[in-house]
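Everything below concerns the one structure shown next.
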Amino acid sequence: MAGLIQRHGSVLVRRFLTNGKRINKRAVAVTQFHTSAQLDKIVSFKLADIGEGIREVTVKEWFVKEGDVVEQFDNLCEVQSDKASVTITSRYDGKIVKLHKVIDEIALVGKPLLDFEVEDEADEDSSSSSSGESSSDEEVVKAQAVATGGTTTAAATAVITSGKVLATPAVRRIAIENKVDLREVKASGKHGRVLKGDVLEFLNIIPQGTVKPHPTLAQAKPVATAPCSKSLETVVPLKGVAKAMYKSMSESLKIPHFAYSDEIDISKLVQVREALKAEALARGVKLTYMPFFVKAASNALKEHPIINSSFDEPIESIIYKSYHNISIAMHTSQGLVVPNVKNVESKSILQIAADLNALQQRGAKGSLTPDDFTNGTFSLSNIGIIGGTYTHPCIMAPQVAIGAIGQTKVLPRFDAAGNVIPAHIINVSWSADHRVIDGVTMASFSNAWKRQLENPNLFLLSAQ
């Protein structure tokens, strides 16, 4: 009698030749060959939806490599979305055969992240699969008996009738080899599944307590119910000033902005303002630096009238304004408001200061009128009162330019003789509508504005 071993799928079959006839036997050693109860298959592990509307993530770190054997809930990798870092865990027991992504590569939700080689298990919750499992176990026991030249023992028969115990074929094989009834083994896996470690603990091969039980609904400790996140949210519809700002800023961001910034030494202006402050207060006017900034802008607008224009997009035309209604950004209890000082080109610094004081008082009381906001031609914002330096202000459509003035700081600078002296420095940030204003024009306007502030005597040459 001659023997020949062949492989059919993952099943090894020994063929015996007797008197010219072939007889198929499944009498194979369990420790050497797979049986039909266990078929390896490749499954793709797809990136699940991690919430918050996230559709893609970046793979930041792999905790495994190809060829590693993992169990359910083992950490596989860490991914980074635009909101949070998330650790991905395994849904399978098996061997990793392929990683689809490398570190810093983009992974899409619903697309394969890695491939597993897992054991093909039947559905053990159905009666048909249970009988199938028993049949497979019986074949293994019989194979052992034939391989050892013996017969099926009573203990082995008890194993065969173990019923609907959740376990992988590999775990069942270990139980059969060691004549263990799986119904007597305390299960620690998910949904009451008997794990390899449970059987090894039962056989005292590993210390008791080595395998940590999977937390089920019955085993889990009661956790205080967190309040629904929706109950902690407050919905406030936009209205009034907030709604107006929403509309104006939405229009503003349709404009292609061009930015330009510079530094101005206002040390001489500080001296002038200190000299005039008491006299202005005696006339009932609080004199700040803002009236000087506004007047300097008006004088510069005379040199560069396109900065004081508006752009009519439907007819693609520039509308030049001969009046200088300079809008001033103000923070109030209702939100950001931008009223304007009318006809600055014909007013003195003291008159501009008085108008600014009146606007601030009405803004604080919430009593600004529609006329205070209409027909603005150019805007200034003093972010320095909060503490900023540079910014990128948004243009108030249909205007074509805006300036933001930073905080005044005393910084070391060189004088004409090369000596280091303290200087009062401010920074200004301009934004212009690049559809109608180029960089040279904006820089030239900024230089004209800067020249007056660094030499306040030039204000004496103004008509008003």
Side-chain angles (χ1 to χ4, degrees), residues 259-280 285-305 307-308 324-330 340-341 343-357 377-391 393 401-416 421-432 437 439-464:
Y260 179 83
S261 301
D262 202 359
E263 175 184 288
I264 298 96
D265 183 349
I266 61 168
S267 299
K268 293 180 180 179
L269 179 61
V270 171
Q271 297 173 3
V272 170
R273 185 243 178 186
E274 284 296 322
L276 298 176
K277 186 168 61 173
E279 181 62 26
V285 178
K286 180 182 178 182
L287 184 62
T288 63
Y289 293 110
M290 200 62 184
F292 294 95
F293 299 154
V294 172
K295 187 61 179 180
S298 178
N299 292 339
L301 290 173
K302 293 176 183 177
E303 298 181 32
H304 304 279
I307 305 295
N308 195 57
H324 299 168
N325 293 350
I326 298 184
S327 302
I328 308 297
M330 296 180 179
N340 59 72
V341 180
N343 303 311
V344 174
E345 78 285 355
S346 62
K347 291 180 178 177
S348 67
I349 290 176
L350 199 61
Q351 290 172 320
I352 295 170
D355 287 352
L356 282 172
N357 289 343
T377 61
F378 178 79
S379 297
L380 283 176
S381 175
N382 187 6
I383 63 169
I385 58 176
I386 304 299
T389 304
Y390 287 104
T391 186
I402 184 174
I405 303 153
Q407 183 182 36
T408 303
K409 297 180 179 180
V410 179
L411 301 172
R413 291 295 184 268
F414 291 100
D415 62 12
I421 59 172
H424 290 78
I425 304 296
I426 64 169
N427 303 101
V428 64
S429 303
W430 306 105
S431 289
I437 298 175
V440 172
T441 302
M442 196 70 241
S444 300
F445 169 83
S446 179
N447 289 338
W449 184 77
K450 174 180 179 178
R451 187 167 59 250
Q452 297 171 78
L453 298 179
E454 291 189 336
N455 185 6
N457 292 327
L458 294 177
F459 285 116
L460 300 174
L461 303 179
S462 302
Q464 294 290 336

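Atoms considered below: every heavy atom in the structure, side chains included; atoms not considered: hydrogens, waters and symmetry mates.
With rounding to the nearest 0.5 Å, the separation of CD1 in Ile326 from CZ in Phe293 is 13.0 Å. Expressed to the nearest 0.5 Å, how far CE of Met290 lies from CG of Asn357 amounts to 12.5 Å. The distance from the OG1 atom of Thr408 to the CG atom of Asn427 is 9.5 Å, given to the nearest 0.5 Å. Note: Asp262 CG to Asn447 CG = 6.5 Å, rounded to the nearest 0.5 Å. To the nearest 0.5 angstrom, Ile328 atom CD1 is 7.5 Å from Ser379 atom OG. Separation of atoms CD1 (Ile349) and CZ (Phe459) is listed at 4.5 Å; rounding is to 0.5 Å.
Each salt bridge (Lys or Arg N to Asp or Glu O under 4.0 Å) pair with one or both residues in residues 406-415, not counting sequence neighbours, appears once here: Glu263-Arg413.
In this view, Ser298 and His324 satisfy the side chain to side chain donor-acceptor pair (under 3.5 Å) rule, not counting sequence neighbours. Under the rule for a side chain to side chain donor-acceptor pair (under 3.5 Å), Thr288 has no partner lying at least two apart in sequence or in another chain. With sequence neighbours left out, Thr391 forms a side chain to side chain contact (heavy atoms under 4.5 Å, CB included) with Ile383, Pro393, Ala404, Ser429. A search for side chain to side chain contact (heavy atoms under 4.5 Å, CB included) contacts involving Asn325 returns Tyr323, Asn340, Lys342, Asn343, Asn375, Thr377, not counting sequence neighbours. For Asn382, there are no side chain to side chain donor-acceptor pair (under 3.5 Å) partners two or more places apart in sequence or in a different chain. Take Lys286 and apply the salt bridge (Lys or Arg N to Asp or Glu O under 4.0 Å) test, not counting sequence neighbours, and it matches no residue. Considering only residues two or more places apart in sequence or on other chains, Phe378 meets the ring-ring contact (aromatic ring centres under 6.0 Å, His included) condition with Phe445. Partners of Trp430 under the side chain to side chain donor-acceptor pair (under 3.5 Å) rule, at least two apart in sequence or in another chain, are Ser446.
Using a 4.5 Å heavy-atom threshold, the side chains of Ile307 and Met442 count as touching. At a threshold of 4.5 Å between non-hydrogen side-chain atoms, the residues Pro291 and Leu356 count as touching.
A side chain to side chain contact (heavy atoms under 4.5 Å, CB included) with Leu380 is found for exactly one of Val294, Val341, Val428, namely Val294.
Residues Val285 and Ala354 share a closest heavy-atom pair of CG1-N, 3.8 Å.
Between the side chain of Lys295 and the backbone N or O of Lys347 there is at least one donor-acceptor pair closer than 3.5 Å.
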Show me the side-chain donor-acceptor pairs of residues 451-458 shorter than 3.5 Å, one per line, residues at least two apart or across chains.
{"unit_1": "Gln452", "atom_1": "OE1", "unit_2": "Asn299", "atom_2": "ND2", "d": "2.7"}
{"unit_1": "Gln452", "atom_1": "NE2", "unit_2": "Ala296", "atom_2": "O", "d": "3.0"}
{"unit_1": "Gln452", "atom_1": "NE2", "unit_2": "Ala448", "atom_2": "O", "d": "3.1"}
{"unit_1": "Glu454", "atom_1": "OE2", "unit_2": "Asp265", "atom_2": "N", "d": "2.9"}

